[in-house]
Structures are given as C-alpha cells and as structure tokens.
**Student:** 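I have a structure here, written as structure tokens, and I will follow up with some questions on it.
Being a predicted model, the structure only gives us computed values, none of them experimental. Just so it is clear: chains get the letters A, B, ... in the order the sequence lines come, proteins before strands, and each one is counted from 1.
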Amino acid sequence: MSLGTGREVAYLVAAICFILAMKGLSSPKRARAGNLLGAAGMIVAIAITFTTPGIHNLWAIALGMVVGVAIGVPAARLVKMTAMPQMVAAFNGVGGAAAALVSIMHFSFSPVSLSTLATYQVFEVIFGVVVGSISFTGSIIAFSKLQEIMPGRPITYPAQQPVNAVVALGIVGCILAVLVDPSKLVMLVVLILALLFGVAFTLPVGGADAPVLISLLNSFTGLAVAATGFTLHSNVLIVAGTLVGASGMLLTRMMSQAMGRSIPNILFSAFGSVVTSSGATEKEGRSVKSGTADDIGVLLAYSNKVAIVPGYGLAVAQAQHVARELAETLQKRGIDVFYAIHPVAGRMPGHMNVLLAEANVPYDELKEMDSANSEMSTVDVALVVGANDVVNPAAKNSPGSPIYGMPIIEVSQAKAVIFLKRSMRPGFAGIDNDLLYDEKTTMLFGDAKDSLSKLVSAVAAA
Amino acid sequence: MNSGILQFITVFVLAAFVGYEVISKVPSILHTPLMSGTNAVHGIILLGAILTCGVSHGPLQITLGIIVVILATLNVVGGFVVTDRMLEMFKARPNVQREKSDTQTKEAS
C-alpha cells in the first residue's frame, strides 16, 4: 500500500469517526465518548496531512497551531456555562473565516492562471468565500448580541429588507460575473459584499433568536468547508463539511419549530422590536398575589408532586445548585419532583439541560416539554424559576401576540403556580404574561438564588 | 466536467443524507452539545489550512497561512473542549437503573 493510499484510508477512518461521533450524540450515555471519537478522528486526519507531498513551512504551521491551542484551550475551559452560546458563535465564526481565507488564498495565489480554471472550479472557490464570510461576520454579530456588547433587541432601519435584498442580488450578480470572467477585482467586491451581508442580515434578529441564527451559521460554515473540500480535492473535507451543513439545517429547523415559528419569520420579521406595551398598560390595574418564602415553603412541603420550570433567570442568578438542593430536600420528604424543560429555555435548545447537569441534576429527572405537559394536571405546585415567555399562555390564547403558536409548558394546568421573579418586568421577548395575575399564581419577588435558599430552609422547617 | 468532480459530487450528496439521518434522532436535551459538537467537526478546515499554509511562498502568503492555521486550530480545539465540558456534566446517578424503575413505578401509580 503506497503512502498516498494509506493517507486516503486514514481520511476515510476520520470520516467514519465524525459520523459515529454525531451518532453518539443521540444518547446522553454515549455522547461524551462520541465527542472524544470525533476528536480522535480529527487528530488522525490532521496528523496524516503532514505526509502530503509538497508541504513546506512546517515551522509556520506549527506556530499557528501552538498559538491556536494556547488561545483556544483556556478560552474553552474558562468560559462560564451561561456564556456557552456566544462561545459556540465565536468558534463558529473563526471556522467560517478560515474556510473563506483558504478559498481566497487558493484563488489569489494559485500558480495556474485563473482563466484555465473550469467554471465549476471557480464556483467552488467563490461559494467558499461568500458563505464563509457571511458566517464569519454573522457570528460576530450573534456573539456581540449574546455577550451584550450590542443591544440584544433587533436593530432595524428604514428599507432594511430592500437594502439587504439589493446586497444579496449584488452578491449573486458578482458571482455570475466572476464565473464568466474570473477577475480578482470582482472577487474583492464579492468578498466585501458577503462580509457586509453577514452583518446586515443578522442585525434585525433579536437576541432571543440568536441561537437559531448560530445554528444556521454553523450550517453555513459546514457548507463553506465542503466547498473548500471540492477546491482542494479532499473527500474528508467534503464529508465533514457536508455532515455539518446538512445536520445544521435540520437542527435549525427543529429549533425554530420549538419556538412555533418558521425560519424566514425569525430571520426577517425583527421579532420583538415592537413591544406589546398596549397590552401591558391596560392590565396595570390588576393585582398580583405575592407570598412569603415561609408560606410557599409550607405549600411545597405538603404537596405530592412538584414541577420545577427553570428559565434563563435561574442561569443568570447561578441558582442551579440551590434549585437541586431544594429538589433534594423535597425528595427527602417523599415528594415527587421533576424539572420541566422547555426546548428553548435558556438561550439555546438544550442549554438548560447543560446548566442543570452542571449542578449534578440527574438527567432522568429532566422532562421534555411534551411529557412534562402530559403530567402537569397531576402536579400540585409548579415552581417557575426565572422563566416567563416559555410558560406564557398568550402563546396559546391570544392570536395577536408575537409568541402566538409557540408551544409552552402548561403550568396553568397545575393546581398552584409559584413564580420566582425579580420584578414584574416582562421576559426576553418583551411580552406581558397574564398568568402572573391568575388567582392560583403566587409571586415570590427577589433574586432567584436568594429566594430558592429561603425556600430550602422554609421547607426544612415545615 | 470530468469524472473527478462527479466523484466529489457523489460523496457530497451521500454525506448530506447521512448528516440528515444521523441527526434526526437526537433528543432535544442534547441539542446544545450537538451544535457545539458539529461546530468542532467543521474544524476539519484545519486540514485545508495546513495544505494552504504548506504551499505558501513569501512573507505575505506565509503570514496569511499562519493566520488561517490559527483560526482553524481555534475552531478545532475550542469546539471539542467546549463540547466535552458540556458532556462531562451529563452524569447519571450511580444507581440510575434502580432510580429509573423507581420513577417509572411512581408514574404508573
């Protein structure tokens, strides 16, 4: 077996590792092993690449890798779990930038004359440049929104969609021009337009929708990588890039379905920019019932079944450990406790599961929305911690509401509802919640962590 | 269009179907690790970065080559490390089997 064949076999092994890695992620038990297998496949693929004939500048490659590891490992290890979504956005953005740069360098520094390239070869390059660049600047915007460097609300300006459409048409026009006559000048124009478009189409997406956006951009980077695979004649790049491209599209669709909205609606409707304040003012006269931690502690201590509905407020207050403590205190009294997890609770689908897992909550206590809802009528107390939009009945009852159609955790089915909230301020989507004024609802105002620890001692004393 | 590009298109189409199928059975609790894990997989662009940097000549090209290797390395290591950190927390209780049957009987009752 020649070295060339051996290299191709190693790439095949790496591609199989990537597929198995994704397969492993379909079960919590095998997920970690799956991820490690993916990393192993990556190491094999990278190592064998150094045997490619004609590879020089080993010092430069080594320098780049050392710098990358020196920055990447600490950044990934030190990031807080609540900041995970923007970290994924950042790592996705650098991947998109790398794919675009590989394509650009191939186009600009290729020893063969550009005019000798076949049309499809030019298309591969330009596709990698355009999609990689959009992913790069789009990820920067998504990162800035989640990191709150930029305001999270949708940023709109007059004639936004027509302007974006013109930029998109400009990109398509330039691509066609490059395909007819490969010119470096037009290539530069298309690069600038693509970078611009990445910013322009992400600005009107609200911070609450940023996860869907990141998933879409993740898929874009995959496609850009696949395009560089065509350019560099590398099967493993095509396989890995396409796997991510296809799965990312599916994941994006699943996420938007969880929000009860279509992908175009999320991207183009500037959702949440119009706060439904008219509804809020007309309800100002209504009263809310607020209780003391001791009252609520007694209520909890003498119930049979408790559902904890965590939201982002729990995460920001770093209250996941206290929440587990409360659950354990209740369980010691023989009370059945489960966590009802909305698919988009937190800032990303599954984000809440990660945060609770960090607090050592066993995953078999986490119930997904559908199974939680089917049990909700048997629940005595639903304890909503720092969540709002994901339990808002407006999603079911008021067709005019921006969140109408989004599936929710139906806590109103429970016999009593407790909201732990800082204030009456509406949630991330800026929509008032009728459930707060319901007669079976009791409010406990304050920081989620403080409130939960008060409840722990109240239950223990009851 | 030669047979080489057709072979790559074949690989592309098959990989697209595999990517779609393999992901369609992931429970929503694993969506965030999945997004992060697939994010790490497209770090394979490091391979393209190495090939590109490896054939560069002159200070400008080599500088760009180093930058592209840095970016791609960040994608790879960041992606896998973040995913691993998320997943190492998905621990079942040591006696998960018993506990599971416990909750099941409770649910049944």
**Student:** Checking A:Met65 against chain B: side chain, backbone, both or neither under 4.5 Å from a heavy atom?
**Tutor:** both
**Student:** Identify which part of A:Leu78 has an atom lying under 4.5 Å from any heavy atom of chain B, answering side chain, backbone, both or neither.
**Tutor:** backbone
**Student:** On a heavy-atom basis, which atom in A:Val225 and which in B:His42 lie closest, and how many Å separate them?
**Tutor:** CG2-O, 3.6 Å
**Student:** Of the backbone (N, CA, C, O) and the side chain (C-beta and beyond), which part of B:Val68 lies under 4.5 Å from a heavy atom of chain A, both, or neither?
**Tutor:** both
**Student:** What distance separates A:Leu63 CG from B:Ile62 CD1, expressed to the nearest 0.5 Å?
**Tutor:** 11.0 Å
**Student:** Roughly how far, to the nearest 0.5 Å, is OG of B:Ser36 from CG of A:Asn92?
**Tutor:** 10.0 Å
**Student:** Which pair of non-hydrogen atoms, one from B:Val41 and one from A:Ala240, has the smallest distance, and what is that distance?
**Tutor:** CG1-CB, 3.9 Å
**Student:** Are the side chains of B:Met35 and A:Leu251 in touch, meaning some heavy atoms are under 4.5 Å apart?
**Tutor:** yes
**Student:** Counting only non-hydrogen atoms closer than 4.5 Å, does A:Gln121 touch chain B with its backbone (N, CA, C, O), its side chain (CB onward), both, or neither?
**Tutor:** neither
**Student:** What distance separates B:Glu21 CD from A:Lys23 NZ, expressed to the nearest 0.5 Å?
**Tutor:** 9.0 Å
**Student:** Rounded at 0.5 Å granularity, tell me how far CG in B:Asn75 sits from OG1 in A:Thr221.
**Tutor:** 7.5 Å
**Student:** Among A:Val354, A:Leu25, A:Leu36, whose side chain to side chain contact (heavy atoms under 4.5 Å, CB included) with B:Leu87 holds?
**Tutor:** A:Leu25
**Student:** In terms of heavy-atom pairs under 4.5 Å, which option from B:Val76, B:Thr83, B:Thr63 contacts chain A the most?
**Tutor:** B:Thr83
**Student:** Taking side chain as everything from C-beta outward and backbone as N, CA, C, O, which of these in B:Ala40 sits under 4.5 Å from a heavy atom of chain A? Side chain, backbone, both or neither.
**Tutor:** backbone
**Student:** Sort out for me which of A:Ile238, A:Asn35, A:Val88 touches chain B most, counting heavy-atom pairs under 4.5 Å.
**Tutor:** A:Asn35
**Student:** Search all heavy atoms of B:Ile70 against all heavy atoms of A:Gly64 and return the closest pair with its distance.
**Tutor:** CG1-O, 3.4 Å
**Student:** Top residue by heavy-atom pair count (under 4.5 Å) with chain B, among A:Asn235, A:Thr52, A:Leu232, A:Ile71?
**Tutor:** A:Asn235
**Student:** Quick check on A:Ala39 against chain B: is it the side chain, the backbone, both or neither that has a heavy atom closer than 4.5 Å?
**Tutor:** both
**Student:** Which bit of A:Met84 is near chain B, if near means a heavy-atom gap under 4.5 Å: side chain, backbone, both or neither?
**Tutor:** side chain
**Student:** Please flag which part of A:Tyr11 lies under 4.5 Å from any non-hydrogen atom of chain B: side chain, backbone, both or neither.
**Tutor:** side chain
**Student:** Can you establish whether the number of heavy atoms outside A:Phe50 located under 6.0 Å from its atom CZ is more than 12?
**Tutor:** yes
**Student:** Can you find a pair of side-chain heavy atoms, one from B:Leu64 and one from A:Phe109, that are under 4.5 Å apart?
**Tutor:** yes
**Student:** Counting only non-hydrogen atoms closer than 4.5 Å, does A:Arg30 touch chain B with its backbone (N, CA, C, O), its side chain (CB onward), both, or neither?
**Tutor:** neither
**Student:** Working note: A:Asn353 + B:Thr32, criterion side chain to side chain donor-acceptor pair (under 3.5 Å); need CA distance, chi angles, decisive distance, verdict.
**Tutor:** CA-CA 9 Å; A:Asn353 304 75; B:Thr32 293; over 6 Å; no
**Student:** Could you check which of A:Ile19, A:Ile214, A:Ile61 has the highest count of heavy-atom pairs closer than 4.5 Å to chain B?
**Tutor:** A:Ile61
**Student:** How would you list all residue pairs meeting salt bridge (charged side-chain N to carboxylate O under 4.0 Å, His left out) that involve residues 31-47 of chain A, not counting sequence neighbours?
**Tutor:** A:Arg32-B:Asp84, A:Arg32-B:Glu88
**Student:** Looking at A:Leu243, A:Asn57, A:Ile48, which one has more heavy-atom pairs under 4.5 Å with chain B than the rest?
**Tutor:** A:Asn57
**Student:** Is any side-chain heavy atom of A:Val73 closer than 4.5 Å to one of B:Phe80?
**Tutor:** no
**Student:** Select, from A:Thr228, A:Val79, A:Thr378, A:Val69, the one with the greatest count of heavy-atom pairs under 4.5 Å involving chain B.
**Tutor:** A:Val79
**Student:** I'd like to check A:Glu358 versus B:Met86 (side-chain heavy atoms, cut-off strictly below 4.5 Å). Are they in contact?
**Tutor:** no
**Student:** Please look at A:Ala75 and chain B and tell me whether the side chain, the backbone, both or neither of the residue comes under 4.5 angstrom of a heavy atom of that chain.
**Tutor:** neither
**Student:** Within the structure provided, determine whether A:Phe18 and B:Ile44 are in side-chain contact (heavy-atom separation under 4.5 Å).
**Tutor:** yes
**Student:** Classify the ring geometry of A:Phe230 against B:Phe8: parallel below 30°, tilted from 30° to 60°, perpendicular beyond 60°.
**Tutor:** perpendicular
**Student:** When rounded to the nearest 0.5 angstrom, what distance separates OG1 in B:Thr38 from CG in A:Asn218?
**Tutor:** 4.0 Å
**Student:** When only pairs under 4.5 Å are counted, which of B:Leu51, B:Leu14, B:Leu47, B:Val11 shares the most heavy-atom pairs with chain A?
**Tutor:** B:Leu47
**Student:** Do the non-hydrogen side-chain atoms of B:Ser56 and A:Met105 ever get within less than 4.5 Å of each other?
**Tutor:** yes
**Student:** Measure the CZ-CZ distance between A:Arg77 and B:Arg85 for me, rounded to the nearest 0.5 Å.
**Tutor:** 6.0 Å
**Student:** Among B:Val81, B:Val55, B:Asn39, which has the most heavy-atom pairs under 4.5 Å with chain A?
**Tutor:** B:Asn39
**Student:** My understanding is that only residues two or more places apart in sequence, or in another chain, count here; which of them pass side-chain contact (heavy atoms from CB on, under 4.5 Å) with A:Val66?
**Tutor:** none
**Student:** Is A:Val239 close to B:Phe12 at the side-chain level, that is, under 4.5 Å between some pair of heavy atoms?
**Tutor:** no
**Student:** I need the residue from A:Ala246, A:Gly241, A:Ala98 with the largest number of non-hydrogen atom pairs under 4.5 Å to chain B.
**Tutor:** A:Ala98
**Student:** I'd like to know which of B:Ile50, B:Val18, B:Leu60, B:Leu34 tops the heavy-atom pair count under 4.5 Å against chain A.
**Tutor:** B:Ile50
**Student:** At their closest point, which heavy atom of B:Ile66 faces which heavy atom of A:Trp59, and how far apart are they?
**Tutor:** CD1-CZ3, 4.1 Å
**Student:** Please find the pair of heavy atoms, one from A:Gly68 and one from B:Leu74, that lie closest to each other, and give the distance.
**Tutor:** O-CD2, 3.7 Å
**Student:** Return the minimal non-hydrogen interatomic distance between B:Val82 and A:Ala76, and the atom names on each side.
**Tutor:** CG2-CB, 3.5 Å
